[in-house]
Amino acid sequence: MKLLYNITAGNPKKLSKPIFFAVVSNLVNILPFALAIKVVQIIFDAFSRGIPVNIKELWITSGVLFLSMIIMFLAEIPAYRFSYKGAYMLAAEGRANLAEHIRKLPLGYLTTRDPGDLGNMMMGDFTLIEHCISHLMPQLVGGLVMPMIAFIGLLFIDWRMAIAMFIALPIAILIIKLTLKLQRKVGKGHMEAKTYAANRLQEYLNGIGTIKAYNLTGERFIRLEKAFRRFMVESIKIEGLLQPIVLTAIGFIRAGLTIMVLIGTHLLLGGDLNVTTFITFLIVGTRVFDPLTTALGNFSEISYDEQAGERIVELLNEPILPGEKTPPKRHNIQFKDVTFAYGEKEVIKDVSIDMKEGALTALVGPSGSGKSTILKLIARFYDPQKGKVLIGNEDMKEIEPEALLQKVSMVFQDVYLFQDTIGNNIRFGREGATQKEVEEAAKRACCHDFIKKLPQGYDTPVGEGGCTLSGGEKQRISIARAILKDAPVVLLDEATASLDPENEVDIQSAINELIQGRTVIVIAHRLKTICNADNIIVLDKGRVVEQGDHQQLISKKGLYYNLWTIQNESSGWSMS
Ligand code: ADP
């Protein structure tokens, strides 16, 4: 049952139609076969009794045979349709469900996985289970139904011959059953090596720019080469193990034919069996072992593919972020004794802070002090291990995650643009926004002018990751997105380090447009930009070491004062 559950990615019901029609089609397949035996019997009967062949009976049987061919063809149609349609529909729905589930998972969980892993699962693993449902399962069931019916029928004709025919089958089944654990273990190693190699390849292709720029041909390539080598070894291992097992089992199944011929000859010589019965068994014998050997091979393949389904089921069982309450009307944000760790590493330690509604709160501190992590906790990319993050005095853990995200706009340093038009990239801020609204947001984010100058204006496509735009332009598009979203809370990672002066001025006014009248939490890299902030929180090694407004912090002569003194000479812009 677990096997059926896994190979259907948790939807065993979807197998019922493909299997039902595969069984019907296989039952119908027996009909012409039985009629062919009947024809042989009519002829041999006449010969053995020395009478003329009953032509009328022969014609009738041939006519029924012809009809059965048509029925067989008609029965194949639904079998074919349901197995293929069922498989492709299950995979399509399954992929969409998984994508939806991944979207709801905590970001923290996703970052623990290899970047290419989920993509490989989406395509590769689903293709394997697709193959299971469209080919392997129907063939397996069909391959068992036909011999079973044949066995029951033959028992009535001559039980000794029928038993001789299938006497070695239990041994074949036993061989497969006893080696199943080993097969699974080797299959698991193979599947892991395959996934690992696909992930390393993805990593290599993603990082090809850096590899070229830093001439890293050696190290990364060795990792990839090692992954391919491991995959090769596992592939040889699985073939080396499975082939002898399956071949031995098939050998035992096929031995049934030899045993039956030997017993049949013995009985025939002793006068205990007539020739017609012997020939009937010979015809059935040559036909019945093919589906059985296919079924056996399929079973090994299914138990390998099951692991792909198991990986999907495991991911589907990963708990999504909890919370059902609708978000509160107020938007002040509080941290109460919050401690947070990435894995074992505590990076936020016992932090308690208040970020007032409609105010500008700045996070300041050396690199690695935990500023970005605090923004990620507010955006609920993660939930803290200890303490509470509150919005409008409600624990974020109790609020419906998607509704909460509607309340928050994020403008981070690594802007991601989708492979779509510039207009649609801004429209991601608010689905269904009109062209006028998109342009209005773009004007406020100082990007309307440069967009208008592009060959197709707002309909200009952006390359993957937005590679056709400059860093500053991407920043402004992400600000336009946030302006269009019009969320009451704005999380901002002030990113101006590598921008030219013209871009910097534009970004300054775009940000000033964005933050008006909202609850803003900003990571400030250059302190002059946040001199006017309502509250400045100074972090060091994951702890709050100081807080207050600019003047208060300067007069304290602590960490803020030191950072300020270092940066004092450089000029910059400020948020108003
Ligand atoms: P800041 O924004 O102040 O530079 P961060 O919040 O980015 O600091 O990082 C705080 C600490 O957490 C750093 O030591 C960083 O290495 C670590 N860190 C950040 N992100 C992750 C992550 N995804 N996994 C593990 N450690 C992380």
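Order of listing sets the numbers, starting from 1, for every ligand and every atom in it.
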Under 4.0 Å from a heavy atom of K371: which atoms of ligand 1 are those, numbered in the order shown and with their elements? 1 (P), 2 (O), 3 (O), 4 (O), 6 (O), 8 (O)
Can you classify the ring geometry of F428 versus F418 as parallel (below 30°), tilted (30 to 60°) or perpendicular (above 60°)? tilted
Among all protein heavy atoms, pick the one closest to atom 8 (O) of ligand 1 and tell me residue, atom and distance. G370 N, 3.2 Å
Should the proximity of V347 to ligand 1, defined as any heavy atom under 4.0 Å, be assigned to the side chain, the backbone, both, or neither? side chain
Of the protein's non-hydrogen atoms, which lies at the shortest distance from atom 6 (O) of ligand 1, and what is that distance? T373 OG1, 2.5 Å
Looking at P366, which atoms of ligand 1 are within less than 4.0 Å of one of its heavy atoms? 3 (O)
For the 3.5 Å polar cut-off, considering only N or O atoms, please tell me whether K376 and ligand 1 meet it. no
Determine, step by step, whether R444 and E439 satisfy the side chain to side chain contact (heavy atoms under 4.5 Å, CB included) criterion, reporting the C-alpha distance in whole Å, the side-chain angles of both residues, the deciding distance to 0.1 Å, and the verdict. CA-CA 9 Å; R444 290 173 63 195; E439 288 188 22; over 6 Å; no
Aromatic centroids of Y342 and Y382 separated by under 6.0 Å: yes
Of the listed options (F381, Y342, F340), which comes nearest to atom 26 (N) of ligand 1 when hydrogens are ignored and any heavy atom counts? Y342
Axial cation check for Y196 ring with R200, 6.0 Å and 45° limits: yes
Heavy-atom contacts under 4.0 Å between K345 and ligand 1: side chain, backbone, both, or neither? side chain
State yes or no: are the ring centers of Y458 and H448 separated by less than 6.0 Å? yes
Closest protein heavy atom to atom 2 (O) of ligand 1, given as residue, atom name and distance to 0.1 Å: S372 OG, 2.6 Å
Can you confirm whether K194 sits close enough to E234 that some side-chain heavy atom of one is under 4.5 Å from a side-chain heavy atom of the other? no
Measure the shortest side-chain to side-chain distance between N535 and I353 over non-hydrogen atoms and say whether it is less than 4.5 angstrom. no
Among all protein non-hydrogen atoms, which one is nearest to atom 1 (P) of ligand 1, and what is the separation to 0.1 Å? G368 N, 3.5 Å
